Participant: 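The structure is given below, and queries will be raised subsequently.
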Number of protein chains: 2
Amino acid sequence: MLKREAADRVFHALADTNRRTVIERLTRGPATVSELAALLGVTVAATVQHLRVLQDSELVRSEKVGRVRTCQIDPAGLRNAEAWLRRQRTAWEHRLDRLGAVLDDQTKESES
Amino acid sequence: MLKREAADRVFHALADTNRRTVIERLTRGPATVSELAALLGVTVAATVQHLRVLQDSELVRSEKVGRVRTCQIDPAGLRNAEAWLRRQRTAWEHRLDRLGAVLDDQTKESES
DNA sequence: TGAAAAGTCAAGTATCCACTTAAGTATTCG
DNA sequence: CGAATACTTAAGTGGATACTTGACTTTTCA
């Protein structure tokens, strides 16, 4: 189950173009902070702030070796967000199924 | 393909607890503005603002009959968000597959 | 007709967010 | 050692956001 604050964090993290760009980049393999900053075209400081948001929502993990921090995807956040969306969609589809069944019944009744 | 601004809108819409509560409610069936306001515990005016965000991101549709506006799920937004997440996850999984294959090859080579 | 109901619109406010600059701290290496 | 590199942290700024209150329109119905 995805808790309220966790869902807030994940979707808020995904609601920014630069942060989604980071995720898209990291699905292709790890990258350093400077590489991500260059990709985004913002300062390293801004990139660090984005990374904090991404890590708090379990979308990205990172490890510092020497003076270099290497970032990679953390699939937990992605899975949580996907799970929430799938729950809503399936709840909606099941409701439509039931609704369709009721309408079929009504059609049959009016035919008889 | 989910465009940048569309993705910004959808994920931003989902990043608010009250708006997700509206979506969860609407997967169970339509509701009026006042019903949603009562559910959220905020003013009707605030609810209308949330609904505008949800409609702009194609997560909710609504129709006004007489003086009552009835809201329901619009599956387009949900599908868009789910599609983006699935794309990232599968890109990530494929990368892991390739990485695994390379490691297997290296293992075989070192064995021979 | 006229009052209640349902929603809409505008303005105000407090807070949050993404970004910057500037000044740090480690770490590497010539 | 000392300069360059890679990152970190703090403070400031402009703009967006979530909410409120209050005035308004439209619709219903006794």
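Fair warning: this is a prediction, and the values are worked out from it, not measured in the lab. Lettering of chains follows the sequences in order, A, B, ..., and the numbering in each one begins at 1.
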Participant: Can you tell me how far C1' of dA10(C) sits from CZ of Arg52(B), to the nearest Å?
Facilitator: 11 Å
Participant: Give a yes/no on whether any side-chain N or O of Thr43(A) is located under 4.0 angstrom from OP1 or OP2 of dC19(C).
Facilitator: no
Participant: Between atom CG in Asp56(B) and atom C1' in dA16(D), what is the gap in whole Å?
Facilitator: 15 Å
Participant: Taking atom C1' of dA18(D) as reference, at what distance in whole Å does atom CG of Asp8(A) sit?
Facilitator: 13 Å
Participant: Classify the ring geometry of Trp84(B) against Phe11(B): parallel below 30°, tilted from 30° to 60°, perpendicular beyond 60°.
Facilitator: perpendicular
Participant: Could you say whether Lys64(B) or Arg67(A) is positioned toward the 5' end of DNA chain C, judged by the nucleotide with the nearest heavy atom to each?
Facilitator: Lys64(B)
Participant: Between Arg69(B) and Glu63(B), does any NZ, NE, NH1 or NH2 come within less than 4.0 Å of an OD or OE carboxylate oxygen?
Facilitator: no
Participant: Run the numbers on Glu5(B) and Arg9(B) for salt bridge (charged side-chain N to carboxylate O under 4.0 Å, His left out), then give the verdict.
Facilitator: CA-CA 6 Å; Glu5(B) 299 139 15; Arg9(B) 273 198 296 273; 5.1 Å; no
Participant: Calculate the interatomic distance between His50(B) atom NE2 and dC19(D) atom C1'; express it in whole Å.
Facilitator: 8 Å
Participant: Taking only the side-chain heavy atoms of Gln49(B) (C-beta and beyond), determine which of dA22(C), dC19(C), dT20(D) contains the nearest atom.
Facilitator: dT20(D)
Participant: Between Ala46(A) and Val65(A), which residue's closest nucleotide on DNA chain C lies nearer the 5′ terminus?
Facilitator: Ala46(A)
Participant: If you compare every side-chain N and O of Arg19(A) against the phosphate oxygens of dA18(C) (OP1, OP2), does one of them come in below 4.0 Å?
Facilitator: yes
Participant: Calculate the interatomic distance between Phe11(A) atom CZ and dT17(D) atom P; express it in whole Å.
Facilitator: 18 Å
Participant: Quick one: label Val68(A) by what it contacts on the DNA or RNA (base, sugar-phosphate, nothing), any heavy atom closer than 4.0 Å.
Facilitator: sugar-phosphate
Participant: Using a cut-off of strictly less than 4.0 Å, decide whether His12(A) has a side-chain nitrogen or oxygen near OP1 or OP2 of dT17(D).
Facilitator: no
Participant: Once you round it to whole Å, what is the distance between P of dC19(D) and CG of Leu51(B)?
Facilitator: 12 Å
Participant: Arg9(B) has an atom CZ; how far is it from atom C1' of dT17(D), in whole Å?
Facilitator: 16 Å
Participant: Using a cut-off of 4.0 Å on non-hydrogen atoms, how would the nucleic acid contact of Val44(B) be classed: base, sugar-phosphate, or nothing?
Facilitator: base
Participant: Whole angstroms only, please: what is the CG-P distance between Leu36(B) and dC19(D)?
Facilitator: 14 Å
Participant: Give the nucleotide from the list dC19(C), dT8(C), dT8(D) with an atom nearest to the side chain of Arg69(A).
Facilitator: dT8(D)
Participant: Using a strict 4.0 Å threshold on nitrogen-to-oxygen distance, state whether Glu93(A) and Arg89(A) make a salt bridge.
Facilitator: yes
Participant: Do we see a donor-acceptor contact under 3.5 Å between the side chains of Arg4(A) and Thr17(B)?
Facilitator: no
